[in-house]
Visitor: 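Pasting a structure below so you can have a look.
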Amino acid sequence: MQTYLVGGAVRDELLGLNVKDRDWVVVGATPEQMLALGFTQVGSDFPVFLHPKTHEEYALARTERKQGHGYHGFSVYSAPDVTLEEDLLRRDLTINAMARSEQGDLSDPFDGRKDLEARELRHVSLAFKEDPLRILRTARFAARFQPLGFRVSAETMELMRSMVAEGEVGHLVPERVWQEIQRALHENAPGTFFQVLRDCGALDVLIPELSPEAHFSAAINALQRIHARNGSTAERFASLFCTLDEPGGTARAKALKAPNDCQQLARLTMIFIPTLQQLKPLQPDTRVGAGSPSNTLLALLEKADLWRRPERFEGLINVLECTLGTTNRLQLEALNNAAKAASGIDPKMLMDQGFSGKELGDAIRRERLARISQALCSSLS
Ligand code: ATP
Ligand code: MG
């Protein structure tokens, strides 16, 4: 039995990066031997075990063959006669297909080290085609290692394009896609993830609304800004949707099965942006009727449920600053002033004045509107 460190840990160590989690491959062992050594088996699909002390993952060497579409269509063969090289052959990228023995020797049958030095993300073999998730993984590694100068190799990009053309991306289940998007949003250069997907055509399948140049460049710019501010997943996701129309974008976020907080923030962003772009906060707000800036702002604050969801509103402001910050500074200022003005109302004061029930609600709303109007006027003078 021989044990090797594989995958990301070997790659990251060669790049001089911190190794976070370590994966191991075991050659020449049976599940029974592993159990006898005190390992516990995890997962029913593959023979993967947890080390009794370190709890790191040890997988028996295996080969995989495609059967059917998508992620689940694999038949796995694992036995003591599967070699290290056969196990490395099933992996996605050459830089992820290196192993280090316990003695410290590097096994690198697919020239991963050369690709590391050349900063190229290259598929190990044509078996790459058998799992469309690898397109998303490749895009994610491109986003992670972009600052180091990595790019997707021309051959791999070509292969990914052909996979997309053959409809493979449509077979991915939303949960797997979301998992990759969520991780990608937090990589070093998240925009690169979407750029790679766009280059190979996968974006047209996954988030087609983003593909047109105007939407795409606005989204990427916003994403870069929110990344620089260390924004949350929901803020990053919402930035991506900043130029989309509300019904279409909302339906897409739902189809992607993004978590609720991501869907909600994206939806609010799509409602706020076009409304704020139309807002003329510099007009005197004497007439506080329907359609006045004060009314529009109050309606927005109500949509965002500012008073019950102040943290979410803060996130929304973050996103708006990263999207409207350069073009609609005045409108953003007006929104911030309106939020402040409409926040400090004490219902008790109004109750003391005799309001209750629906009348109390109406009185609060009137008071908010008056305060917003006042705030807008004083910002004019
Ligand atoms: P990270 O630093 O994100 O953990 P990693 O390279 O270790 O990166 P893992 O998802 O932990 O990635 O997977 C471990 C290894 O398993 C990879 O390096 C790769 O060799 C292989 N692998 C994982 N998923 C796939 C896949 N879908 N197709 C082919 N090989 C894969
Ligand atoms: Mg890993």
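Atoms within each ligand, like the ligands themselves, are counted from 1 in listed order.
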Visitor: Going by atom types only, do R236 and H227 share a side-chain donor-acceptor pair under 3.5 Å?
Guide: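 Indeed, the side chains of R236 and H227 share at least one donor-acceptor pair under 3.5 Å.
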Visitor: Could you see which bit of H123 sits under 4.0 Å from ligand 1, with heavy atoms only: side chain, backbone, both or neither?
Guide: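 The answer is neither.
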Visitor: Which is closest to atom 5 (P) of ligand 1 in terms of heavy atoms, R134, E57, R11?
Guide: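 Looking at heavy atoms only, R11 sits closest to atom 5 (P) of ligand 1.
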Visitor: Enumerate the residue pairs fulfilling salt bridge (Lys or Arg N to Asp or Glu O under 4.0 Å) with a member in residues 77-87, sequence neighbours excluded, ordered by first and then second residue.
Guide: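 Qualifying pairs, neighbours excluded: D87-R90, D87-R91.
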Visitor: So is D92 polar-close to ligand 1, meaning N/O to N/O under 3.5 Å?
Guide: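 Yes - when backbone and side-chain N and O of D92 are compared with those of ligand 1, one distance drops under 3.5 Å.
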Visitor: Which ligand 1 atoms are under 4.0 Å away from a heavy-atom of F141?
Guide: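 Per the distance check, 6 (O), 8 (O).
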Visitor: Restricting to pairs with a member in residues 53-63, which pass salt bridge (Lys or Arg N to Asp or Glu O under 4.0 Å), not counting sequence neighbours?
Guide: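 Listed once each, the pairs are R22-E56, R62-E64.
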Visitor: Return yes if a side-chain donor-acceptor contact under 3.5 Å exists between N188 and R144, otherwise no.
Guide: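 On atom types as modelled, these side chains do not qualify, holding no pair under 3.5 Å.
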Visitor: Should the proximity of D21 to ligand 1, defined as any heavy atom under 4.0 Å, be assigned to the side chain, the backbone, both, or neither?
Guide: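 The answer is the side chain.
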Visitor: Taking only heavy atoms of D23 into account, list the atoms of ligand 1 that are under 4.0 Å away from them.
Guide: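 Listed by number with element, the hits are 7 (O), 11 (O), 14 (C).
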Visitor: Where the closest heavy atom to atom 25 (C) of ligand 1 is concerned, which of R176, R137, R140 has it?
Guide: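 Going through R176, R137, R140 one by one, R137 has the nearest heavy atom to atom 25 (C) of ligand 1.
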Visitor: Could you verify whether a donor N or O on one side chain and an acceptor N or O on the other, from E314 and N318, lie under 3.5 Å apart?
Guide: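 No, no side-chain donor-acceptor contact under 3.5 Å.
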Visitor: Closer than 4.0 Å to some heavy atom of R90 - which atoms of ligand 1 meet that?
Guide: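 Numbered from 1, ligand 1 contributes 29 (C).
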Visitor: Quick one: which ligand 1 atoms are inside 4.0 Å of a heavy atom on R144?
Guide: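 Listed by number with element, the hits are 1 (P), 2 (O), 3 (O).
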Visitor: Under 6.0 Å between ring centres: does that hold for F39 and Y58?
Guide: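 Yes, close enough.
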Visitor: Are any non-hydrogen side-chain atoms of Q277 and Q331 less than 4.5 angstrom apart?
Guide: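 Heavy-atom side-chain distance check fails, nothing below 4.5 Å.
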Visitor: Looking at G7, which atoms of ligand 1 are within less than 4.0 Å of one of its heavy atoms?
Guide: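 The atoms of ligand 1 under 4.0 Å from a heavy atom of G7 are 18 (O).
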Visitor: Would the distance check show the side chain of S373 and the main-chain N or O of L369 forming a donor-acceptor pair, the cut-off being under 3.5 Å?
Guide: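 Checking the backbone N and O of L369 against the side chain of S373, no donor-acceptor pair under 3.5 Å is found.
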Visitor: Quick one: does ligand 1 sit under 4.0 Å from the side chain of L93, the backbone, both or neither, non-hydrogen atoms only?
Guide: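 For L93, no heavy atom sits under 4.0 Å from ligand 1.
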